[in-house]
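Beneath this line is the structure, given in structure tokens, with notes to follow.
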Amino acid sequence: MDNVSTLAAPALDVARIRKDFPLLQQATVYGLPLVYFDNGATTQKPQVVLDTLEQYYTGYNSNVHRGVHHLSQKATDAYEEARKTAAAYINAQYSHEVIFTKGTTDSINLVASSFGRTFLQAGDVVLISAMEHHSNIVPWQMICEEKGAELKVIPINERGELLMDEFSRLLNERVKIVAVTYVSNTMGTVNPVKDIITQAHARNIPVLLDAAQAIQHITIDVQDLQPDFLAFSGHKIYGPTGIGVLYGKEAWLNKMPPYQGGGDMIKTVTFAKTIYNELPYKFEAGTPDVSGAIGLAAALNYLQQVGLEKIQQYEEQLIEYALQALQQVPGIRFIGQAAHRSGAISFLVDDIHPYDLGELLDKQGIAVRTGHHCTEPLMDLFKIPGTVRASLSFYNTFEEVDKLVAAVNRAAAMLR
Amino acid sequence: MDNVSTLAAPALDVARIRKDFPLLQQATVYGLPLVYFDNGATTQKPQVVLDTLEQYYTGYNSNVHRGVHHLSQKATDAYEEARKTAAAYINAQYSHEVIFTKGTTDSINLVASSFGRTFLQAGDVVLISAMEHHSNIVPWQMICEEKGAELKVIPINERGELLMDEFSRLLNERVKIVAVTYVSNTMGTVNPVKDIITQAHARNIPVLLDAAQAIQHITIDVQDLQPDFLAFSGHKIYGPTGIGVLYGKEAWLNKMPPYQGGGDMIKTVTFAKTIYNELPYKFEAGTPDVSGAIGLAAALNYLQQVGLEKIQQYEEQLIEYALQALQQVPGIRFIGQAAHRSGAISFLVDDIHPYDLGELLDKQGIAVRTGHHCTEPLMDLFKIPGTVRASLSFYNTFEEVDKLVAAVNRAAAMLR
Amino acid sequence: MTINEKQDELIADFSMMEEWMDKYEYIIQLGKELPLIAEQYKTDDNLIKGCQSRVWLHTELKDGKLFFTGDSDAVITKGLISLMISVLSGHTPKDIAASDIYFIDAIGLRSHLSPTRSNGLLSMLKQMKLYAVAYMAKMES
Amino acid sequence: MTINEKQDELIADFSMMEEWMDKYEYIIQLGKELPLIAEQYKTDDNLIKGCQSRVWLHTELKDGKLFFTGDSDAVITKGLISLMISVLSGHTPKDIAASDIYFIDAIGLRSHLSPTRSNGLLSMLKQMKLYAVAYMAKMES
Ligand SMILES: Cc1ncc(COP(=O)(O)O)c(C=O)c1O
Ligand SMILES: Cc1ncc(COP(=O)(O)O)c(C=O)c1O
């Protein structure tokens with residue numbers, strides 16, 4: 001088959017890129033070189049991230065803020081510089097609109113709890129979509145239950161695309177916030193978030209974007225896109241585990257009460273009355289994950305250096321190639337066939353259990369994820385127990401895709 | 001002066017210990033070798049912790065739980081092994097009584113929110129002490145305000161010791177939880193927590209121990225001590241930033257609702273109804289800080305290897321030496337003179353502002369902390385703007401103490 | 001054959017296969033040959049917790065011996081059930097309860113299976129022993 | 001002397017001291033000599049935010065020129081106020097508002113001061129310029 005993607009020159013020199021990732025260079029599985037297609041779950045880290053952590057811990061590890069001594073100053077500077085880097089990466093207007101959290105889940109919980117406690121009342125509606133990750137479902141369920149509010153769901157079509165007409169119909173004055181994923185972690189669907197935000201804003205309804213699966217694939221400019229909140233995880237964008245970002249518009253963050261109490265988030269404390277600090281500190285109680293923030297900034301700088309546009313181009317070539325190559329597998333069925341997609345490819349072969357397929361791919365050195373991918377309601381909708389999900393990164397190669405296809409064929413033959 | 005501590009042989013070979021800490025080996029400040037006495041704020045990391053992080057990221061970085069592939073299995077095993085290590089370190093009965101959090105602040109907020117929402121009602125009392133860190137004040141203030149409960153405070157004497165008679169008087173059936181620090185981060189007071197727990201339990205009142213400043217200095221056996229909750233931070237016990245532990249008795253944790261919603265903390269999710277996972281996962285929403293947990297376990301193993309008893313013995317020698325040496329400084333005044341103490345030494349010299357003193361110590365290569373140490377109510381009580389705090393670790397030396405004393409003398413002479 | 005003889009036989013069988021893919025081929029084959037549970041026993045009661053795939057297990061006592069049947073929606077899991085059944089089925093509750101199941105580790109299954117699957121296998125073993133203990137108690141009373 | 005001449009003089013003074021401890025000695029000396037603010041002006045209104053120590057600053061206009069007095073509970077901070085005052089006091093609001101304060105960086109104060117202190121210094125500068133701008137507006141109207 002004449003495949004456009006293979007004919008076009010790859011937008012990146014992937015062989016060179018891969019040298020930056022020590023795990024990709026050295027990891028073997030059962031004696032086979034590792035083929036890592038579980039990037040939706042977490043990504044590998046470039047050497048510069050590890051070096052940054054090492055430099056921090058051997059050079060200037062110290063607690064930040066309020067420190068009178070030299071190391072504390074260096075650590076504070078680096079931590080605040082990391083915030084600026086993250087803010088610049090999404091083109092936030094102010095760096096204090098970037099709150100460092102534990103990850104996407106923590107970010108969404110912060111908003112659900114703090115926004116919810118202030119702005120949600122009995123009878124109000126929180127609008128999510130049918131393809132949300134549990135992390136963008138359960139926090140809203142919890143606050144809705146507490147407040148007597150209702151969770152409503154934007155439905156999708158059989159290709160895994162949002163029904164935008166239904167969305168428009170669901171938007172009414174009862175809706176107090178819309179919380180949707182930018183990119184589906186299970187199906188790779190890229191949602192029309194600009195349209196969603198425009199429609200919601202026309203009714204003065206704020207929008208939270210779950211960008212956990214978008215930030216590493218798509219250039220995001222919050223001043224252009226105008227989300228009110230945006231959440232992502234460091235570990236999914238080539239940074240350390242345990243760190244994440246909540247972007248929030250200053251105006252909203254200022255209106256919201258703190259989420260956690262503790263050191264750094266206060267101005268003055270007496271037993272009678274406590275005055276909260278200003279942004280971003282109001283939302284960062286306790287000693288922050290300094291190494292995590294600095295490591296994340298190193299990852300973001302690395303991506304800028306490689307070039308976001310090139311990464312995006314190459315990933316588009318790769319995903320198109322993978323879709324076309326996988327299509328040749330007899331009996332394959334894609335879960336999610338959106339016109340606009342990124343990152344993840346979910347599939348099933350005949351009636352083979354995804355778990356069996358995943359196990360035999362692993363034994364051939366190929367790491368994929370199987371199961372519901374924390375999107376159980378979506379699985380229920382498609383009436384399937386789960387999928388096999390291959391999720392791609394710019395460090396994956398066309399040859400790795402070929403290996404995946406061969407391994408799927410071999411596994412399917414055994415399991416049929 | 002005949003100083004017992006200097007005559008006794010040091011319980012540790014500190015020169016050898018220091019070789020394990022790369023930052024201590026190489027860091028200089030203004031061309032001077034660093035003297036790091038800010039261990040109460042955060043501790044330096046032994047090489048084995050850095051190696052563990054490096055091995056994780058270059059060898060088996062992967063998302064944990066539910067993974068079908070080899071790396072995910074390795075990462076899951078290591079993460080759960082880290083939980084067992086942490087559980088064994090405090091002698092928890094079950095490893096699922098150990099919840100990984102962001103740190104002490106996160107741990108206390110979890111309990112304040114989850115316990116508070118379930119067990120606190122209008123008119124109830126939360127009992128804390130006058131020497132608490134903001135992280136063990138503000139979360140309780142927040143939940144008390146939400147529930148209409150009252151925050152009451154165990155007073156202290158002028159030496160910085162809890163008034164245990166007052167404590168007994170304050171204990172009545174309105175008290176629903178006692179939350180106290182094991183060791184004061186500002187004054188180094190070691191509180192009689194065993195007595196506190198016994199008295200509280202006699203009335204069926206649970207006790208939360210803030211062990212942020214205890215876990216690195218004192219051997220803690222939760223089955224002996226019997227706290228219902230215990231919180232500490234990884235970064236203060238020679239582990240990575242961004243990770244911490246909440247220990248909770250199984251019976252309590254099972255009675256409490258989840259704190260955050262997301263991946264991993266659920267068994268099944270539908271839009272209508274979500275069933276929560278069992279312990280410890282119920283309280284660990286989202287991708288955990290895998291590298292942080294593994295790094296923390298490496299730190300705990302390192303401490304076990306050095307020998308907790310030896311560490312404790314040496315630190316006691318060191319603190320006694322430091323107290324006696326500092327006493328020679330003309331005009332010095334200690335804030336906190338408890339009979340039983342550990343870790344931190346707070347002082348003031350004449351009416352010199354602690355901030356000035358700290359700045360000039362820094363310029364002499366000595367890192368201390370100045371200010372209120374996130375214990376503003378305590379500062380208000382003593383009617384001081386803050387203190388100079390030197391906080392000691394087992395990697396500090398007697399010579400470093402001598403340098404501190406000399407530097408304090410020089411700075412005081414300049415500032416008087 | 002005793003339970004241990006059956007285990008040793010399985011270990012010998014597996015040791016002849018070098019590649020893990022071959023071992024899986026064998027497990028899958030066993031799965032396809034699994035004596036299927038009668039449909040009426042595929043109830044929620046007979047579901048075993050702790051597996052990513054669903055696993056049913058049913059027990060019957062005949063002439064003082066326990067016989068197992070099972071099923072799963074995943075073929076490899078079926079193969080694992082089949083392995084367990086081939087070792088334990090047809091023995092007395094007492095022997096089953098007292099048995100030391102070492103073939104899983106000896107074959108290397110525990111370290112090669114995905115963690116959820118190997119947890120599932122252990123749940124299965126635990127469940128089978130629980131049944132045995134329950135029948136023992138019944139027979140004694 | 002113009003504002004810049006005063007800055008250059010300070011830079012020269014500091015460059016003669018090699019050790020940072022000497023520079024601090026000098027700053028502390030300046031602090032002790034600081035023309036103290038009159039007690040009635042040590043109000044919360046005159047407190048500058050963003051310092052670990054407390055800083056008061058008071059302004060007076062005389063013959064078209066601005067004169068500052070200040071105080072702090074910390075001596076080094078007093079020294080820093082003193083530095084700022086020696087540079088800016090006695091100039092017209094216009095000159096102060098338009099001034100480019102480069103001596104802080106040139107002396108190396110920003111990188112040597114603790115971050116809260118250097119933030120405090122910047123807050124102080126900002127406040128002094130704000131006063132100047134306010135007086136300019138007043139004089140024009
Ligand atoms: C006694 C005490 N409690 C709580 C904390 C808060 O710990 P973290 O900032 O690591 O959450 C600290 C450390 O600053 C502390 O000393
Ligand atoms: C779309 C989406 N949202 C949220 C999350 C949760 O991210 P984390 O587990 O890092 O908090 C994930 C990742 O699993 C995701 O894919």
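Everything numeric here is computed off the predicted structure, so don't read it as measured data. Order of the sequence lines fixes the chain letters, A, B, ..., with proteins taken first and strands second; residue numbering starts at 1 for each chain. Excluded from the calculations below are hydrogen atoms, water molecules and symmetry mates; all remaining heavy atoms, backbone and side chain alike, are included.
Between D:T77 atom OG1 and B:D356 atom CG the span is 5.5 Å, to the nearest 0.5 Å. Once rounded to the nearest 0.5 Å, the distance linking NZ of B:K363 with OH of D:Y24 reads 3.5 Å. Remark: B:Y30 OH to D:M21 CE distance equals 11.0 Å, nearest 0.5 Å. Atom CE of B:M414 sits about 7.5 Å away from atom CG of D:D22, to the nearest 0.5 Å. Taking NE2 of B:H353 as the start and NZ of D:K78 as the end, the distance is 11.5 Å to the nearest 0.5 Å. Atoms CD1 and CG, on D:I76 and B:L360 in that order, are 4.0 Å from each other to the nearest 0.5 Å.
Counting non-hydrogen atoms of neighbouring residues, nucleotides and ligands closer than 6.0 angstrom, the NZ atom of D:K6 exceeds 12 such neighbours. Within a 6.0 Å radius of CD in B:Q26, more than 12 heavy atoms belonging to other residues, nucleotides or ligands are found. Within a 6.0 Å sphere centred on CZ of B:R333, other residues, nucleotides and ligands contribute 12 heavy atoms or fewer. Atom NZ of D:K32 has more than 12 heavy atoms from other residues, nucleotides or ligands within 6.0 Å. Summarising the local packing, CD of D:E5 is surrounded by more than 12 heavy atoms from other residues, nucleotides or ligands at distances under 6.0 Å.
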